[in-house]
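The block underneath contains the structure these notes are about, expressed in structure tokens.
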Amino acid sequence: MSQNLERLTAELRELEARLRLGGGEAKIERLHAQGKLTARERIAGLLDPGSPFLEIGLLVAYDRYDGQAPAAGVVTGIGRCHGREIVVVANDPTVKAGAWFPETITKMLRAQEVAMRCRVPIAYLVDSAGVNLPYQGGVFPGQYGAARLFYYNSLMRRHLRIPQLAAVMGQCIAGGAYLPALSDVIVMVEGTSFMGLGGVNLVRGATGQTSDPEALGGARMHTTVSGVAHYREPDDAACLARLRRLVAELPPPPPRAVSVTPARPPRRDPREAYQILPADHRLPYDVEALLDTLLDADSFDEFQADYAREMICAHARVEGIPVGLIANRRGLIKSTGDRPPRFGGIVYRESAEKVAYFIETCNRHRLPLLFVQDVSGFMVGVEAEQSGIIRAGAHFVEAMATATVPKLVLTVNHASGAGYYAMAGQGFDPNFIFSLPTGRMGVMEGESAVMALFSAQLERLKAEGKSPDADLQAEMDAVRATYEAQLDARFAAARGFCDAVLPPEDLRPMLRLALETCLNQPGPHLGPFVLTGNLL
């Protein structure tokens, strides 16, 4: 058994359980005493009972702000309401009254981009005190500051026609009030919700006017006097029931571009991944066996199976949904004829051309792409350069970057160097990026970094017949430790480099939900919101 994967999964689950408590039990009890539900209780009330919820960015900022910003104070993700996929953004009022950290904006923008790219409705469950003032420099200005939220609001309303539903279920102050105001429908809750460009104290200081919250921005005022809100409900439960009715009344999504068949169980139990993956990420393993835990049984059909075998290209299905699969074999790969064996996880000229051709074919057939990454990079050396690896690698990257079908990424172990880029790295706007707890995302491993940084000193000491002294050894150990920490999947997730870290047993249902969300957009797309109807 991979004790490494087992240990990392246990640590992940412990961390996630702590983060899902938000500001802690005491603040949750205080919220309940006010007659309000928590962010996650609100999401559960909105979504279909028992349906899965794919939380995006749960680990974001968990290792910053002395641990005082669990999930960056906002819960974002995808679920099903009346059987259709929707994006949900819910402020967590137990974390600094739902105030916005810089990473809060990042998560909300990511959620909006999912809605725009996949053309699915988005619901905002608003309960926020606005900008977290000590961090306003990272929230207010910049191209991807808070204003970007309202830009995306406007694009969805005016150009993309994506339904946006907002429920003001607590505070909604200052610029944050434009988030619901730019939505299609606003629901407010009597007695607990407030929406205004300024609160009572700010208004008194700015204008000298004395008012109470209800007259200034309460649910009754906004539904009877200002007309800003459209519905008023007595409590959170009724508000969520109203949102569910509004979702049920939306026009149905367009037909899917692919043929989905009934799901078949995988050939292997997903928990067998704990036995398949090695304890040491540097060791080889049976990639086909791992894929058997992920894909529908008997759906794997490899393309050019005997050519450039270090890369797998195949047609397959995940929970009945067809995908074009691209994966890396690991270990030493035998070649045909008198060719030398090749290293799995390395991209050679032939494998780059093979994958590029496969991607282009899948793109023409409108087939979603699933990249299963365990890649160390492109081959280097005299023979590789003379073979034209640069041109072949560029072909691979261009085919992936310009493919207009949905792209999903799962990192198993390595996601290193330019190989990470070619296998649909985040910079190329894949629809979703997931990682196993064993995922390691970075330019190079710690030992490689030590050799890159200290090789000259080590060679000089070796020539002199000396060994590294304690200071040099400590410096090298510090470099190794830094790289090890930064290669951890949790480090990547904390910075939004992947959407979620998933244990093996959660992969299939979450991939299904992600794929079905993507299939709401049957046409081609480039980037988060530029949808191009003339690119096929």
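- Between the Gln112 side chain and the Leu109 main chain, no donor and acceptor come within less than 3.5 Å of each other.
- For Ser351 (side chain) and Ala308 (main-chain N/O), no donor-acceptor pair under 3.5 Å exists by modelled atom type.
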key: Verdict with reasoning, Ile346 to Tyr348, per side-chain contact (heavy atoms from CB on, under 4.5 Å)   = CA-CA 6 Å; Ile346 303 294; Tyr348 294 78; 3.9 Å; yes
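- Between Glu350 and Arg342, at least one side-chain N (NZ, or NE/NH1/NH2) sits under 4.0 Å from a carboxylate O, which counts as a salt bridge.
- Remark: side-chain polar atoms of Lys407 are not paired, donor with acceptor, to backbone N or O of Asp429 under 3.5 angstrom.
- In this structure a side-chain-to-backbone donor-acceptor pair under 3.5 Å is missing from Glu272 to Thr293.
- Ionic pairing of Arg512 and Glu516 is present here: one or more N-O contacts between side-chain nitrogen and carboxylate oxygen are shorter than 4.0 angstrom.
- Here the side chains of Pro503 and Leu12 are in contact, with some heavy-atom distance below 4.5 Å.
- Salt-bridge annotation for Asp127 and Arg42: present, with a side-chain N of the basic residue lying under 4.0 Å from a carboxylate O of the acidic one.
- Few gaps surround CZ on Arg480; more than 12 heavy atoms of other groups in view lie less than 6.0 Å from it.
- Within the 4.5 Å cutoff, side-chain heavy atoms of Phe101 are placed close to those of Lys96.
- Counting heavy-atom neighbours within 6.0 Å of Leu472 CG, excluding the residue itself, gives a total above 12.
- Taking 4.5 Å as the limit, every side-chain heavy atom of Pro341 sits out of range of all side-chain heavy atoms of Lys334.
- Thr104 places no side-chain N or O within donor-acceptor distance of the main-chain N or O of Trp100, the cut-off being under 3.5 Å.
- Between Phe358 and Phe303, the ring-plane angle classifies as tilted under the 30° and 60° cut-offs.
- Here Arg329 does not pair with Glu310 in a salt bridge; the nearest charged N to carboxylate O distance is not below 4.0 Å.
- The backbone N or O of Glu85 sits nowhere less than 3.5 Å from a side-chain atom of Arg80 that would complete a donor-acceptor pair.
- Cation-pi contact between Arg495 and Phe491: present, with separation from the ring centre below 6.0 Å and deviation from the ring axis of at most 45°.
- Summarising the local packing, OH of Tyr357 is surrounded by 12 or fewer heavy atoms from other residues, nucleotides or ligands at distances under 6.0 Å.
- For the pair Arg148 and Tyr144, the cation-pi test (distance below 6.0 Å, angle within 45°) is passed.
- Side chain of Ser128 to main chain of Gly98: a donor-acceptor pair is present (N/O by atom type, distance under 3.5 Å, no hydrogens or angles).
- Using a 4.0 Å cut-off between charged side-chain N and carboxylate O, Asp286 and Arg330 make no salt bridge.
- Taking all atoms of both residues into account, the shortest heavy-atom contact from Pro468 to Leu458 is CG-CD2, 3.6 Å.
- In this structure, Ile122 and Val89 have side chains that are in contact, with non-hydrogen atoms separated by less than 4.5 Å.
- The minimum heavy-atom distance linking Asn363 with Thr404 is given by the pair OD1-N, 2.8 Å.
- At a threshold of 4.0 Å, the pair Arg309-Glu302 does not count as salt-bridged, since none of the basic side-chain nitrogens sits closer than that to a carboxylate oxygen.
- Counting non-hydrogen atoms of neighbouring residues, nucleotides and ligands closer than 6.0 angstrom, the CZ atom of Phe343 reaches no more than 12 such neighbours.
- When all heavy atoms are compared, the tightest approach of Gly345 to Asn328 is CA-CB, 4.3 Å.
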ask   = Are Val375 and His414 close enough, and set up right, to give a side-chain contact (heavy atoms from CB on, under 4.5 Å), and what steps lead you there?
value = CA-CA 5 Å; Val375 60; His414 305 82; 5.8 Å; no
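- Minimum interatomic distance between Ala111 and Val87 (heavy atoms only, all atoms of both residues): O-CG1, 3.6 Å.
- Smallest separation of non-hydrogen atoms from Gln373 and Gly425: NE2-N, 4.4 Å.
- Taking 4.0 Å as the cut-off between side-chain N and carboxylate O, Glu505 and Arg13 count as a salt-bridged pair.
- No donor-acceptor pair under 3.5 Å is formed between the side chain of Lys354 and the backbone N or O of Ile312.
- Tyr62 does not carry Arg490 over the face of its six-membered ring by the limits of under 6.0 Å from the centre and within 45° of the normal.
- Between Asp298 and Arg264 there is a salt bridge, with a side-chain nitrogen of the basic residue lying less than 4.0 Å from a carboxylate oxygen of the acidic one.
- For Glu464, the CD atom is densely surrounded, since the number of other residues' heavy atoms within 6.0 Å is greater than 12.
- A side chain to side chain donor-acceptor pair (under 3.5 Å) with Asp296 holds for exactly one of Arg317, Arg267, Arg508; it is Arg508.
- The shortest side-chain heavy-atom distance between Ile390 and Glu385 falls under the 4.5 Å cut-off.
- For Asn413 (side chain) and Arg282 (main-chain N/O), no donor-acceptor pair under 3.5 Å exists by modelled atom type.
- Closest non-hydrogen pair, Pro70 versus Val95, comes out as CG-CG2, 3.7 Å.
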request  = Please report the C-alpha distance between Phe53 and Ile78 in whole Å, then the side-chain angles of each, then the deciding distance to 0.1 Å, and finally whether the side-chain contact (heavy atoms from CB on, under 4.5 Å) criterion is met.
outcome  = CA-CA 6 Å; Phe53 177 61; Ile78 304 163; 5.8 Å; no
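- Using modelled atom types, no side-chain atom of Asp66 and backbone atom of Gln68 make a donor-acceptor pair closer than 3.5 Å.
- Counting heavy atoms from C-beta on, the side chains of Ser435 and Leu502 never come closer than 4.5 Å.
- Taking the side chain as every heavy atom from C-beta outward, Phe432 and Leu515 never approach each other to under 4.5 Å.
- In this structure, Asp499 and Val114 have side chains that are not in contact, with every pair of non-hydrogen atoms separated by 4.5 Å or more.
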ask   = Under the side-chain contact (heavy atoms from CB on, under 4.5 Å) criterion, do Leu277 and Leu436 qualify, and how do the steps go?
value = CA-CA 11 Å; Leu277 288 175; Leu436 284 173; 3.9 Å; yes
ask   = Hey, mind stepping through Tyr135 and Tyr65 against ring pair (Phe, Tyr, Trp, His ring centres under 6.0 Å) and telling me if it holds?
value = CA-CA 11 Å; Tyr135 304 104; Tyr65 310 107; 4.9 Å; yes
